[in-house]
Protein chains: 2
Amino acid sequence: MRLSEGVEWTVHCCTMLAGLPPDKAMSAKKLAEFFDVPPDYLAKHMQQMSKAGIVQTKKGPNGGYSLAKPARDITLLDMVEAIDGRICSFKCTEIRQRGPSGVSPCQYKTPCGIARAMRKADQVWRDELRKTTLFDLQMIGLTETPPEQMNKAITWLKGLFK
Amino acid sequence: MRLSEGVEWTVHCCTMLAGLPPDKAMSAKKLAEFFDVPPDYLAKHMQQMSKAGIVQTKKGPNGGYSLAKPARDITLLDMVEAIDGRICSFKCTEIRQRGPSGVSPCQYKTPCGIARAMRKADQVWRDELRKTTLFDLQMIGLTETPPEQMNKAITWLKGLFK
DNA sequence: TAATAGCGGATATATTTTATCCGTTATTTA
DNA sequence: TAAATAACGGATAAAATATATCCGCTATTA
């Protein structure tokens with residue numbers, strides 16, 4: 001039961017994008033360089049973010065990714081679901097219907113209690129993720145990032161945009 | 001992000017064990033037959049349940065698995081964690097420390113905001129799973145199982161215990 | 001027009017999940 | 001006491017998924 005590594009990468013990337021000057025974009029290559037992750041694989045993940053409408057893209061030189069909407073309107077759940085999907089973490093295979101005591105499918109009126117409890121837990125998990133927005137994460141980053149790292153990051157970014 | 005199939009199997013098995021006459025046990029082989037799942041693989045999972053102290057075992061003929069404590073004292077979380085472990089679904093690889101802006105590890109005083117939000121969501125998920133006990137699941141089974149299936153199951157069980 | 005950059009598809013590699021098998025020990029029943 | 005049953009641990013094997021790379025395509029910019 002583990003989330004894809006891509007979730008960590010793309011959420012960090014979005015936090016980065018949220019801090020960019022407006023009308024600036026950042027390519028997958030540059031994001032990958034900044035976080036030291038595989039460029040091609042990160043690009044694949046960012047394309048999923050684009051499909052999900054979280055980031056917008058611009059082709060060509062000085063193109064790249066930028067947020068498609070205000071950071072306040074992007075939830076952690078949005079980003080998690082863009083990478084890992086919306087399907088419940090518990091997959092019910094209806095084993096109650098199998099074996100020597102199983103009866104015709106139409107006799108099972110409700111999902112079994114186990115599946116219901118699991119889905120409820122999955123729901124509260126998603127509800128909790130929805131409470132955190134990209135804006136929240138950006139604020140936490142701004143206040144908690146070590147000063148020395150903040151300086152290095154700003155310097156690196158200045159080099160990026162000439 | 002998906003739970004192991006073993007979770008579904010073992011929770012159903014425990015619900016079955018909860019309905020057994022006291023001092024009766026059921027072998028992995030019989031459980032596998034009842035639910036129509038691979039016997040050896042189910043046995044592996046049941047061994048994990050045993051290690052976790054959820055079921056107790058008895059070797060030899062008429063041996064097998066039975067609950068190690070009252071169904072009220074076994075939560076869905078206990079069973080999920082017996083199979084899938086207690087580690088958070090989000091693994092933070094500290095990518096903030098990598099790349100050109102990373103600084104010495106000792107400068108990072110708290111886990112990053114992303115990891116904290118993810119861990120909180122994982123926590124509410126586990127809290128929710130803890131609310132359901134095996135007794136609850138047993139009651140749901142008793143009230144919602146199709147009558148025809150209930151009869152078939154009882155007949156099958158009678159054959160089991162001679 | 002050359003370089004940049006996203007995109008989609010194909011493919012390769014690694015890791016995890018699922019599944020089986022075997023030898024051992026403990027226990028029960030005939 | 002012997003034979004059958006059953007849990008247990010370890011070693012593999014097979015299948016599925018996650019991770020990673022590469023290529024050609026189109027759009028865009030300097």
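Chain A is the first sequence line, chain B the second, and so forth, proteins listed ahead of strands; every chain is numbered from 1.
Not one side-chain nitrogen or oxygen of A:Ser50 sits closer than 4.0 Å to the OP1 or OP2 atom of C:dG6. Within the 4.0 Å cut-off from OP1 or OP2 of D:dC8, at least one side-chain nitrogen or oxygen of B:Thr57 is found. Taking side-chain N and O atoms only, B:Asn62 has no distance below 4.0 Å to OP1 or OP2 of D:dT5.
Under the 4.5 Å side-chain criterion, counting only non-hydrogen atoms from C-beta, B:Gln47 is in contact with B:Tyr65.
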Decide yes or no on side chain to side chain contact (heavy atoms under 4.5 Å, CB included) for A:Asp122 and A:Phe90, but give the supporting numbers first. CA-CA 8 Å; A:Asp122 187 85; A:Phe90 177 80; over 6 Å; no
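Between A:Pro61 and A:Lys51, it is A:Pro61 whose nearest contact on DNA chain C lies nearer the 5' terminus. When each of A:Trp9 and A:Lys58 is assigned the nucleotide of DNA chain D with its nearest heavy atom, A:Trp9 is the one assigned upstream, toward the 5' end. Where A:Leu3 and A:Lys59 each meet DNA chain D at their nearest nucleotide, the meeting point lying more 5' is that of A:Leu3.
Using a 4.0 Å heavy-atom cutoff across all strands shown, B:Lys30 reaches no nucleic acid atom at all. Residue contacts shown for B:Ala28 are limited to sugar-phosphate atoms, with no base heavy atom under 4.0 Å away.
In this structure, B:Gln107 contributes its side chain and A:Pro146 its backbone to no donor-acceptor pair below 3.5 Å. At least one donor-acceptor pair under 3.5 Å links the side chain of B:Thr10 to the backbone N or O of B:Val7.
With hydrogens and angles ignored, no donor-acceptor pair closer than 3.5 Å exists between the side chain of A:Lys29 and the base of C:dG6.
Atoms NZ (B:Lys44) and P (C:dC21) sit 12 Å apart, rounded to a whole Å. When rounded to the nearest whole Å, the span between OH of B:Tyr41 and P of C:dT18 equals 4 Å. Between B:Ile83 atom CD1 and C:dT17 atom P the separation is 12 Å, expressed in whole Å. Per the geometry, CG belonging to B:Leu42 stands 12 Å off C1' belonging to C:dA19, to the nearest Å. To the nearest angstrom, P of D:dA18 lies 10 Å from NE2 of A:His45. One interatomic measurement links the two molecules: CG of A:Asp40 to P of C:dA10, which rounds to 17 Å at whole-angstrom precision. Atom CD in B:Gln56 sits about 16 Å away from atom C1' in D:dC8, given to the nearest Å. What separates OH of B:Tyr65 from C1' of D:dA6 is a distance of 8 Å, to the nearest Å.
Defined by atom type and a distance below 3.5 Å, a donor-acceptor pair is present between the side-chain atoms of A:Glu8 and B:Thr93.
Nearest nucleotide to the A:Ser27 side chain, out of D:dT17, C:dT20, C:dA5: C:dA5.
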